[in-house]
Amino acid sequence: MTKEIVVSGIRPTGKLHLGNYMGAVKNFVQMQHDFHCYFFIADYHSLTTHPNPADLHVNVRTVLAEYLACGINPEQCTIYVQSDLPQIPELYMLLNMHAYKGELERVASFKEKAKTQPDNLNAGLLTYPVLMAADIIIHKAVKVPVGKDQEQHLEMARTFGNRFNRIYQTAVFPEPFAFNYGTELVKVPGLQGGGKMSKSDGDNNVICLSDSPELIRKKMSKAITDAGPTEPNTPPSPAVQNLFDLMKMVSNHDTLKHFTDSYANCSIRYGDLKKQLAEDMITYLNPIRTKIEDIYNDTAYLGKVAKLGAEKAAASAEQTMAEVRAAIGFQKFYS
Ligand code: TYM
């Protein structure tokens, strides 16, 4: 039986954090055994914020090394850098011909950017979901392991793929869906009391996979809490609930129960909760953290992985693009 095709990627904006791991990479590692997987580093996507060339290169290298440290195996799946595949911008351009300003302006991530960075609302941001659709459908993926924040982008990918099929009377693209091994898509909360774990809310909001034990302890000690429960069995504030949610991910059941019980009977000491959570995060991330530096410094190995991945991914992308070009009506006048 042929295995279902899986695609996912991460923007190289610096070190990977626990949100990226729980929402995406942890699934990648498991999926590589069950499916035909393509995992990439979305360097084109990171250009919307205009990184300088030296930073861009370091960040791509960082994500590549961290993918490998997490256990993504280049012999089990295909790992590549997005900009190594010229077929992706080609498909992006072709899909753009059938992507409309109105629908793109309604995408939540674009509306958010319109608020947070009104001075840099470039066309790349507007058409970001089109590039993401190209990434996914170029390999004919049906499963896309991502966090909850990417759900709407997946819906757009289905829209653009279906639209192409309909307009050109073809069945080139299957429908891709967001995937997580759990019952629902994951949203890892940050440490500063707000919504999801994200670097845009500052370094203290995120736990990175490469953070040293000391740094994790320091960040956890600064995590936001509240004045503490005053009556038994009241629901925790969002900031404290975030810490319980993180504990559910990295601590064992007894630890979680101890702290939720002590919250419920008002005997909780947030200092103890944060200390315990820091230690459990350190233990949880230790097997990954200890591998990152060696892999990052192994230029020859990284080069080998990226080259092999680019070759395998380009072969798949080229096959799809031959179908796409033929469906559109491009025919060579020479052979
Ligand atoms: P990016 O780079 O922002 O995030 C990468 C992956 O990490 C997940 N993630 C989270 N999951 C749970 N909780 C969090 N706090 C959290 N923070 C990040 C994201 O959901 C994502 O899965 N547009 C994408 C990159 C991309 C892509 C693709 C993904 C480009 N092309 C094609 C899948 C398929 C992005 O910006 O993710």
Side-chain angles (χ1 to χ4, degrees), residues 15-31 66 70-71 145-151 178-290:
K15 300 163 173 178
L16 296 184
H17 55 70
L18 194 69
N20 301 133
Y21 183 71
M22 293 295 183
V25 187
K26 190 175 172 212
N27 287 286
F28 298 1
V29 175
Q30 202 176 334
M31 289 179 101
E66 295 188 347
C70 286
V146 282
K148 185 130 187 72
D149 58 329
Q150 299 297 318
E151 218 168 9
F179 179 87
N180 185 287
Y181 274 105
T183 46
E184 52 189 34
L185 297 181
V186 177
K187 177 178 153 190
V188 178
L191 305 182
Q192 294 298 305
K196 67 167 183 168
M197 182 173 283
S198 156
K199 276 177 289 201
S200 50
D201 294 324
D203 282 352
N204 281 336
N205 194 42
V206 303
I207 297 289
C208 293
L209 305 185
S210 60
D211 282 351
S212 65
E214 301 75 52
L215 188 55
I216 293 181
R217 289 186 190 108
K218 198 164 137 207
K219 286 181 178 176
M220 280 307 312
S221 73
K222 291 186 180 157
I224 304 275
T225 53
D226 56 26
T230 48
E231 281 178 48
N233 303 314
T234 48
S237 63
V240 172
Q241 185 59 50
N242 284 353
L243 300 185
F244 285 137
D245 288 346
L246 288 167
M247 199 164 234
K248 259 179 230 156
M249 296 175 194
V250 299
S251 305
N252 66 36
H253 177 76
D254 291 346
T255 305
L256 178 68
K257 185 169 181 330
H258 167 75
F259 285 102
T260 46
D261 286 352
S262 60
Y263 183 90
N265 66 27
C266 302
S267 68
I268 191 162
R269 293 195 337 203
Y270 288 143
D272 294 346
L273 168 77
K274 294 201 260 182
K275 275 192 192 129
Q276 183 64 48
L277 187 50
E279 294 314 309
D280 290 343
M281 289 224 180
I282 292 164
T283 309
Y284 187 84
L285 293 176
N286 201 45
I288 298 171
R289 181 181 58 80
T290 49

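What you are looking at is a predicted structure, and each value in this text was computed from that prediction instead of being measured.
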Taking all non-hydrogen atoms of both residues, which atom of [X] and which atom of [Y] are closest, and how far apart?
| X | Y | result |
| --- | --- | --- |
| Leu273 | Phe244 | CD1-CE2, 4.1 Å |
| Val206 | Lys199 | CG1-N, 3.7 Å |
| Asn180 | Asn27 | ND2-ND2, 3.3 Å |
| Ser237 | Asp226 | OG-OD2, 2.6 Å |
| Leu185 | Ala178 | CD1-CB, 3.7 Å |
| Arg217 | Ala278 | CA-CB, 4.1 Å |

Problem set entry | Pair Asp245 + Lys248: basic N to acidic O under 4.0 Å |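 A salt bridge links Asp245 with Lys248.
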
Any chance [atom1] of [X] has more than 12 other-residue heavy atoms, nucleotides or ligands included, within less than 6.0 Å?
| X | atom1 | result |
| --- | --- | --- |
| Asp261 | CG | yes |
| Lys274 | NZ | yes |
| Lys15 | NZ | no |

What's the verdict on side chain to side chain donor-acceptor pair (under 3.5 Å) for Ser198 and Asp201, showing C-alpha distance, side-chain angles and the deciding distance?
CA-CA 6 Å; Ser198 156; Asp201 294 324; 4.8 Å; no

Between [X] and [Y] (side chain of the first, backbone of the second, donor and acceptor by atom type, cut-off under 3.5 Å), is there such a pair?
| X | Y | value |
| --- | --- | --- |
| Asn242 | Gly194 | yes |
| Asn205 | Gly202 | no |
| Asn20 | His17 | yes |

When rounded to the nearest 0.5 angstrom, what is the spacing between [atom1] in [X] and [atom2] in [Y]?
| X | Y | atom1 | atom2 | answer |
| --- | --- | --- | --- | --- |
| Ser262 | Arg269 | OG | CZ | 10.0 Å |
| Met197 | Leu18 | CE | CG | 5.0 Å |
| Glu214 | Lys219 | CD | NZ | 12.5 Å |
| Tyr284 | Leu209 | OH | CG | 10.0 Å |
| Ile282 | Asp211 | CD1 | CG | 10.0 Å |
| Leu277 | Ile207 | CG | CD1 | 8.0 Å |

Is there a side-chain contact between [X] and [Y], using heavy atoms and a 4.5 Å cut-off?
| X | Y | answer |
| --- | --- | --- |
| Gln241 | Pro189 | no |
| Thr260 | Leu256 | yes |
| Val188 | Tyr21 | no |
| Leu246 | Leu191 | yes |

Run the numbers on Lys275 and Asp272 for salt bridge (Lys or Arg N to Asp or Glu O under 4.0 Å), then give the verdict.
CA-CA 5 Å; Lys275 275 192 192 129; Asp272 294 346; 5.0 Å; no

By side-chain contact (heavy atoms from CB on, under 4.5 Å), Lys222 pairs with (sequence neighbours left out) Asn204, Lys218

**Prompt:** What residues, two or more places apart in sequence or in another chain, satisfy side-chain contact (heavy atoms from CB on, under 4.5 Å) together with Thr234?
**Reply:**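 side-chain contact (heavy atoms from CB on, under 4.5 Å) check on Thr234 returns Pro229, Glu231, Tyr263.
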
Which pairs with one or both residues in residues 181-212 pass ring-ring contact (aromatic ring centres under 6.0 Å, His included), sequence neighbours excluded?
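The answer is Phe179-Tyr181.
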
